[in-house]
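A quick write-up on the structure given underneath.
Reminder, nothing fancy here: chain letters follow the sequence lines and each chain counts from 1.
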Amino acid sequence: MEYGRPTELDEALALLAGGRRTILAGGTDLYPAIAAAALPGDILDIGAIAGLRGIVEGAEAWRIGAGTTWTDLARATLPAAFNALKQAALEIGSVQIQNTATIVGNLCNASPAADGVPALLILDAQLELQSAEKTRHLPLKDFILGVRKTARRSNELVTAIVLPKRAVSGRSDFQKLGARRYLVISIAMVAARIAVEDDRISEAALAIGSCSAVAQRLSSLESDLVGRRIGPALAEHICAAAVATHVAPIADIRGSAEYRTHAAAELLRRAVANAAGTA
Amino acid sequence: MPTVSMTVNGKSVSADVESRTLLVQFLREHLALTGTHVGCDTSQCGACVVHVNGVSAKSCTMLAIQADGADVATIEGLDDNGTLHPMQEAFRDNHGLQCGFCTPGMVMSALDLVKNNPSPSEQDVREWLEGNICRCTGYHNIVKAIQAGAAAMRG
């Protein structure tokens, strides 16, 4: 068992090139997952790498570094398209978890109930993956492959989330349903981003989490909403049947499949109303 | 075994520890600072809250080595030569504890809240405490104590 805590990205990538390692950022999921047992093999702790933390606005895209915590995000000044992600930041775990846990870690964990995923899907998020040899970019929807499974290769580190500016438009909203208000695994969660022109929806991006192995964009419902006049009547177009064409939720201790579908539709109606400013 | 060095309550400390050593184990077992409690061991209850580089964190889900080089503050570092910190005093005055198990974590969380929000409303306090669980369910007086402590700290 070796514990690596490099201070430079190059060193980290060299360690990954040398063999399989568990990557640790905030570490808030790693320890509960192993429950007092020994650490799972060699570790790469990226917490001391300079330059991985922070949110930067570039000419073409926003960039969220892999060391950025949920608290960093919640306190940053960002356009209204980020509102859903900020709301998710404040609902993840508790304050102490938000202070420690990273946004990229939430994605790499690939839990179906990861609060960060729907809010990033509606921003067309891409992941930047670096290895010692090369850098590649993958859309978030192609990065998470299944429950706890991602497209990251063992020699790669996710170094940033990249958000193209064309998707950072309009306003977004996040809604989450749990069995209680705080510190709870979501039964269903949704994120909606709506851009409005002349009282009509010019762009709609909708995503649902916790209702399928991997959170999903609702492309047909998005197309259906574009061009519609904003107002209370929008809710009529967002129904459980429309949700069910995209996701087939599981039934578990937290809720039946039918309940999840209905709940997701109601959360979507609320999120769209908030994002469109008609709530 | 890696060597871990950090500042705890203003004092430099250093020790060789197994990589898997949690920050809370390091504090309790290596430094004998047993004021930081372990309630659930899974990041839910908040009895283990300490400050790492000025922000509250759960020391049961953080490895000691992750805090290498950090400035750590625990409940033991709050008093001033035996005079309680105003937040500790407020917990005593308002009977903000029953069994006392959650208290160190509650106080450390409260101080992080006050740093961010010097005049928290009752709702602010209740929302902030989502990560701190009181097994005696004595929240009423804890919330009162935190508001009183915040007022005392404002002076």
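There is no contact between B/Leu113 and chain A, counting heavy-atom distances below 4.5 Å. Contacts of A/Leu24 with chain B are made by side-chain atoms alone, with heavy-atom separations under 4.5 Å and no backbone atom involved. Interface remark: B/Val55 contributes backbone and side-chain atoms alike to the contact with chain A (heavy atom separation under 4.5 Å). Proximity to chain B (any heavy atom under 4.5 Å) is shown, for A/Glu2, by neither the backbone nor the side chain. Residue B/Asn53: no heavy atom, backbone or side chain, is found under 4.5 Å from chain A.
Of all the listed residues (A/Ile43, A/Thr71, A/Val95), the one sharing the greatest number of non-hydrogen pairs under 4.5 Å with chain B is A/Val95.
Summarising the local packing, CZ of A/Arg20 is surrounded by 12 or fewer heavy atoms from other residues, nucleotides or ligands at distances under 6.0 Å.
Every residue two or more places apart in sequence or in another chain was checked for a salt bridge (Lys or Arg N to Asp or Glu O under 4.0 Å) with B/Asp112, and none qualifies.
Taking both residues in full, the closest heavy atoms of A/Ser94 and B/Gly131 are given as CB-CA, 3.2 Å, listed atom of the first, atom of the second, then distance.
We find the CZ-CG distance between B/Arg20 and A/Leu30 to be 13.0 Å, quoted to the nearest 0.5 Å. With rounding to the nearest 0.5 angstrom, the OG atom of B/Ser56 is 9.5 Å from the CD atom of A/Gln98.
Using a 4.5 Å heavy-atom cut-off against chain A, the contacting residues of residues 91-110 of chain B are B/Ser109. Within residues 101-109 of chain A, no residue has any heavy atom less than 4.5 Å from a heavy atom of chain B. The contact list for residues 60-87 of chain B toward chain A, using heavy atoms and a distance under 4.5 Å, reads B/Cys60, B/Thr61, B/Leu63, B/Ile65, B/Gln66, B/Asp68 by residue number.
Contact annotation: the side chain of A/Gln96 approaches that of B/Asn132 to within less than 4.5 Å [non-hydrogen atoms, C-beta and beyond]. Counting only heavy atoms from C-beta outward, the side chains of A/Ile97 and B/Ser43 approach each other to under 4.5 Å.
Judged by distance alone, the side chain of A/Asn99 and the main-chain N or O of B/Ala57 form no donor-acceptor pair under 3.5 Å.
Judged purely by distance below 3.5 Å, without hydrogens or angles, the side chains of B/Lys58 and A/Thr28 never pair a donor atom with an acceptor atom.
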